[in-house]
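What follows is one structure encoded as structure tokens, with my remarks underneath.
Residue numbers start from 1 in every chain, and the chains themselves are labelled A, B, ... in the order their sequence lines are given, proteins ahead of strands. Only this structure's heavy atoms are used, side chains among them; waters, hydrogens and symmetry mates stay out.
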Amino acid sequence: MDFKTAIASALAAQCSLPAEELAGWLETPPSPDMGDYAFPCFKLAKTLRKAPNAIAEELAETLALPEGVSSVEAKGAYVNFTLDKAAQAKAVLERVFSQKERYGGSDMGDGRNVCIDYSSVNIAKPFHIGHLPTTVIGNSLYRIYNHLGFHSVGINHLGDWGTQFGKMIVAYKLWGDRDTIEEGGVDELVKIYVRFHQEVETDPSLDDQARAWFKRIEDGDPEAMELFEWFKAITLTEVEQVYDILGIRFDSYAGESFYNDKMGRVVDELREKGLLKLDQGAQIVDLSEYKMPPCIILRSDGATLYATRDIAAALYRKDTYDFAKCLYVVAYQQDLHFRQWFKVVELMGYPWSKDLVHVSFGMVSGTEGAFSTRKGNMVKLRDVLRAACDKTYEIICEKSPDLENKRAVAQQVGVGALVWNNLYNGRIKDVVFDWNTVLNFDGETGPYVQYTHARACSVLRKAEYKPGDVDYSILTDAESAAAITAIGAFPDAVREAMEKNEPYLVSRAVIAICAAFNKFYFEQRIMADTPDVRAARLALTDATRSVIKTGLGLLGIAAPERM
RNA sequence: GUGCCCGUAGCUCAGCUGGAUAGAGCGUUGGACUCCGACUCCAAAGGUCGAAGGUUCGAAUCCUUUCGGGCACGCCA
């Protein structure tokens, strides 16, 4: 039984209210010297018709001391509970040592599948800084769900369909060169694509050719398909290099083209269920009852749309994975689109429509406004990654000249800094890309966390630490207790991060652990002369190291042992 | 015009299922390395929580209105 439950049941015995409800009322006092848990008595005042202060005093006197609690005090309208520090230290640290890298996890997911649609790159388009949020948020959620006993299914819903591929083929046949493209990759594909748009101004017939080529792709013409697949391969090789650097993998690359033959079923089903309506030549689902514009299923020329494809994909994923949840890590611009087609799925009579979640996030813009491939102010992800790694390399050369494999560590730290920046705040915040911010490693950043981890590793290494019996009563000073409290708060943070699909809750929990540990490090000498004291502090150091590593892992960030 | 989101310290943000003196980091100023990694730690300064009403014993948090910003609003994705 944990401390909170113990306190709640002790209170329940006195208040004749369910312990579960009372547990929900418990708060954390504003200052640690007031205690570890606080019970506000305002709500009881009404039913008991007594002053909250009087209730608090009475409770404090009559309450049986819950297990693990050393003191109960009334302060104003609150009953404050102070935990027995040694008991808390024992409970928290033993849990860390027994669960190890699984600390903060659980089996609550029960092996159920969670589909996570993220990154979803466009074929033959550059992988730029704007793709980072969906990529790293999705990756972190992937890890967080797995940690909690779910089975994550990472889906890269490739943007690999549309008339632009007809244009690509025309452009390639006119101005492309196989070797140049093999060598230059996506950049070369973009070049000829841009040229197409320039030349079509003077030669509109190019558009007709493009349409014809796209038709050939649709019909499965061998030559068209070969080129189409080749463009895909070129793009994927390139983005996979970035995924490798970021430590990201996907379970499926089923994208738009994959659902091409699966949309007829959706249209038929919508028609059978009487949801389709002809309006201005297009087939729509009327959503005016739900105060939304109609969801267009078929264009007036009979072609399918984005929503059609997303519905087809959702049905396919439900059939294939029987997901407990299906997350779409997509920028908030598409909020209405998701609300619309989620509603359509609901109207189709699928109760699992409630399991579809749009995990939206803010947009990335430059200091001079929105990024645009056409404007050419787009910042390529590879360039940012390289810059971050280079800067880290310089810092390492300056501060740790003797470190082996500097380049490898520089990559872990540089990339970690970048990933951290995207997972440190609430998703919804817009981000203005700025080199100074991106390359700032001071304060509450990835490198700070990694440094703390490396520092803990260093201490343990020098001490030649071996786990053993610990006298937990040694870890009762303010700094040790604060570190232990922070570590103890980690599991709840992970669970909440999953419930809200907000990885930053993990980041903040990790930062709290680091801050507490660094303070502990400063105030208490770990390598104390007394063996018992040293053993206890080393144990705390080891637990800290372990939880930081786990936390960074959930964010998709490496935890080097030296840096 | 309508809908959704955001507005908290100079800057970037936590806190928002209502609760005790509104918290961090950056930046600024000052301080701490004979000692386990100073990419660290400590301290100071800095706030009408956009504004106005309302609900409440109690509001940054809930409701209404309003101002400012972002996004979206039928055949793109």
Side-chain angles (χ1 to χ4, degrees), chain A residues 24-25 27 29-31 34 38 40-43 45-46 51-52 75-78 80 120 122 157 159 161-164 256 279-284 287 291-307 309-310 330-337 339-340 360 362-363 365 370 392 395-396 398-400 413 417 421 424-426 428-432 434 436-437 440-452 454-463 504-505 507-508 511-512 514-515 517-528 534 537-538 541 562-563:
Chain A
W25 293 7
E27 299 168 12
S31 156
M34 297 166 92
C41 298
F42 303 100
K43 284 176 190 163
K46 266 202 181 132
K75 181 154 186 186
Y78 293 85
N80 290 338
S120 299
N122 292 317
H157 189 81
W161 200 249
T163 46
Q164 73 264 29
E256 294 174 2
D279 194 279
Q280 298 171 33
Q283 295 289 341
I284 64 155
L287 298 174
K291 293 178 180 157
M292 283 188 277
C295 184
I296 304 178
I297 301 297
L298 288 177
R299 286 195 324 217
S300 33
D301 66 359
T304 56
L305 281 104
Y306 188 28
R309 204 174 298 269
D310 271 339
V330 180
Y332 66 62
Q333 280 97 324
Q334 297 193 28
D335 184 58
L336 177 61
H337 166 255
R339 277 174 35 227
Q340 285 179 308
S360 62
M363 56 187 276
S365 58
T392 311
I395 296 173
I396 289 175
E398 183 191 330
K399 300 193 175 178
S400 312
V413 178
N421 284 341
Y424 175 61
N425 289 325
I428 204 65
K429 293 283 176 187
D430 285 334
V431 180
V432 175
D434 173 53
N436 293 330
T437 310
N440 169 42
F441 298 164
D442 295 328
E444 296 178 340
T445 60
Y448 170 81
V449 176
Q450 290 172 317
Y451 171 78
T452 308
R455 191 187 216 188
C457 287
S458 171
V459 173
L460 294 165
R461 198 162 49 231
K462 283 199 178 147
Y504 86 92
L505 292 167
S507 314
R508 302 276 171 160
I511 275 289
C514 292
F517 176 77
N518 281 323
K519 183 152 182 159
F520 159 76
Y521 179 95
F522 189 83
E523 300 288 346
Q524 308 289 346
R525 186 164 172 77
I526 297 170
M527 297 297 284
R534 193 191 314 156
R537 289 182 181 160
L538 282 169
T541 304
R562 304 172 204 249
M563 62 187 270

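Checked by atom type and distance alone, the side chain of A:Arg562 never pairs as donor or acceptor with a backbone atom of A:Ser458 at under 3.5 Å. A distance-only check finds no donor-acceptor pair linking the side chain of A:Arg534 to the backbone of A:Met527 [under 3.5 Å]. Between the A:Ser360 side chain and the A:Tyr332 main chain, no donor and acceptor come within less than 3.5 Å of each other. Side-chain atoms of A:Gln340 come within 3.5 Å of backbone N or O of A:Pro294 as a donor-acceptor pair.
Within 4.0 Å of A:Met363, counting heavy atoms only, lie sugar-phosphate atoms of the nucleic acid but no base atom. Counting non-hydrogen atoms under 4.0 angstrom, A:Ala38 reaches a base of the nucleic acid. Using a 4.0 Å heavy-atom distance criterion, A:Ala331 is classed as making no nucleic acid contact. Residue contacts shown for A:Glu256 are limited to sugar-phosphate atoms, with no base heavy atom under 4.0 Å away. A:Leu298 comes within 4.0 angstrom of no nucleic acid atom, judged by non-hydrogen atoms across all strands. Residue A:Ser400 is classed as a base contact, given a heavy-atom separation below 4.0 Å to a base. Base engagement by A:Gln524 is indicated by at least one non-hydrogen atom pair under 4.0 Å involving a base atom. Within 4.0 Å of A:Gln450, counting heavy atoms only, lies no atom of the nucleic acid at all. Contact annotation for A:Gly426: backbone-only contact, meaning every heavy-atom pair under 4.0 Å involves sugar-phosphate atoms and none involves a base. Using a 4.0 Å heavy-atom criterion, one finds that A:Asp301 contacts no nucleic acid atom at all. In this structure, A:Asn80 reaches the bases: a heavy-atom distance under 4.0 Å links it to at least one base atom across the strands shown. Base engagement by A:Ile296 is indicated by at least one non-hydrogen atom pair under 4.0 Å involving a base atom. Residue-level contact check: A:Pro29 touches the bases, meaning some heavy atom is under 4.0 Å from a base atom. A:Lys429 comes within contact range of the sugar-phosphate backbone alone, with a heavy-atom separation under 4.0 Å but no base atom that close.
When side chains are defined from C-beta on, A:Asp310 counts as touching A:His337, because their heavy atoms get closer than 4.5 Å.
Residue A:Gln333 has its side chain nearest to B:A72 when only B:A72, B:A20, B:A77 are considered. Checking B:U12, B:G70, B:C73 against the side-chain heavy atoms of A:Leu336 singles out B:C73 as nearest. Side-chain atoms of A:Phe42 lie closest to B:C57 of the nucleotides B:A77, B:A20, B:C57. Set against B:C39, B:C71, B:G3, the side chain of A:Tyr332 has B:C71 as its closest nucleotide. In the set B:G37, B:C41, B:C36, the nucleotide with an atom closest to the side chain of A:Arg525 is B:C36. Distances were taken from every side-chain heavy atom of A:Tyr521 (C-beta onward) to each of B:C73, B:A38, B:A77; the shortest belongs to B:A38. Distance from the side chain of A:Pro293 is smallest to B:C73 among B:C73, B:C42, B:G70. Comparing atom distances between the A:Arg508 side chain and each of B:A20, B:A14, B:G74 picks out B:A14 as nearest. Closest approach to the A:Phe522 side chain among B:G37, B:A32, B:G74 is made by B:A32 (side chain taken as heavy atoms from C-beta onward). Comparing B:G25, B:G37, B:A77 by their closest approach to the side chain of A:Arg562 singles out B:G37.
The side chain of A:Arg534 contributes no N or O atom lying less than 4.0 Å from OP1 or OP2 of B:C36. When the side-chain nitrogen and oxygen atoms of A:Tyr448 are compared with OP1 and OP2 of B:A24, none of them lie within a distance under 4.0 Å. For A:Lys519 and B:U40, the shortest distance from a side-chain N or O to OP1 or OP2 is not below 4.0 Å. Applying the 4.0 Å criterion to OP1 and OP2 of B:A38, one finds that A:Lys399 has every side-chain N and O outside that range.
B:C36 is unpaired under the Watson-Crick or G-U wobble criterion, no partner having all donor-acceptor distances under 3.5 Å. Judged by Watson-Crick or G-U wobble contacts below 3.5 Å, the nucleotide B:G25 has B:C11 as its partner. Pair check for B:G68 finds B:C6; Watson-Crick or G-U wobble, both atom distances under 3.5 Å. Across all strands shown, B:U55 forms no Watson-Crick or G-U wobble pair with both key distances under 3.5 Å.
Rounded to whole Å, the separation between the C1' atoms of B:U56 and B:G18 comes to 9 Å. When the P atom is used for both B:U40 and B:G23, the distance is 24 Å, rounded to whole Å. Going from the P atom of B:A60 to that of B:U55 covers 16 Å, rounded to whole Å. Comparing the same atom, P, in B:U61 and in B:A52 gives a spacing of 12 Å after rounding to whole Å. On the C1' atoms, B:A22 is 15 Å away from B:G58, given to the nearest whole Å. Going from the P atom of B:C35 to that of B:C39 covers 14 Å, rounded to whole Å. B:U17 and B:C76 have their P atoms separated by 41 Å, given to the nearest Å. Using atom C1' as the reference point in both B:C63 and B:U29, the two lie 44 Å apart (nearest Å).
One interatomic measurement links the two molecules: CD1 of A:Ile428 to P of B:U8, which rounds to 16 Å at whole-angstrom precision. Atom C1' of nucleotide B:C76 and atom CH2 of A:Trp161 are separated by 16 Å, given to the nearest angstrom. As rounded to whole Å, 16 Å separates atom C1' of B:G70 from atom CD of A:Gln334. One atom, CD of A:Gln164, and another, C1' of B:A77, lie 9 Å apart when rounded to the nearest Å. Per the geometry, OH belonging to A:Tyr504 stands 8 Å off P belonging to B:C16, to the nearest Å. What separates CZ of A:Phe520 from C1' of B:U40 is a distance of 15 Å, to the nearest Å. We find that OH of A:Tyr424 is positioned 6 Å from C1' of B:A24, with the value rounded to whole Å.
With 3.5 Å as the limit, one finds no donor-acceptor pair spanning the side chains of A:Asn440 and A:Thr445.
Each of A:Cys514 and A:Asn440 has a nearest nucleotide on RNA chain B; the 5'-most of these lies closest to A:Asn440. Summary of the strand contacts: A:Gln280 and A:Val413 both lie near RNA chain B, and taking for each the nucleotide with the nearest heavy atom, the more 5' one is attributed to A:Val413.
The minimum heavy-atom distance linking A:Asn421 with A:Thr437 is given by the pair ND2-O, 3.9 Å. Among all heavy-atom pairs drawn from A:Arg309 and A:Thr304, the shortest one is NH2-OG1, 3.9 Å.
A donor-acceptor contact under 3.5 Å is not formed by the side chain of A:Asp442 with the base of B:G25. Side-chain to base pairing of A:Asp310 with B:A77: no donor and acceptor N or O lie closer than 3.5 Å to each other.
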Quiz item: How far apart are the C-alpha atoms of A:Ser365 and A:Asp430, what are their side-chain angles, what is the distance that settles it, and do they pass the side-chain hydrogen bond (donor to acceptor under 3.5 Å, both in side chains) test?
Solution: CA-CA 8 Å; A:Ser365 58; A:Asp430 285 334; over 6 Å; no
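Just one of A:Ile395, A:Thr392, A:Val413 meets the side-chain contact (heavy atoms from CB on, under 4.5 Å) condition when paired with A:Met563; it is A:Val413.
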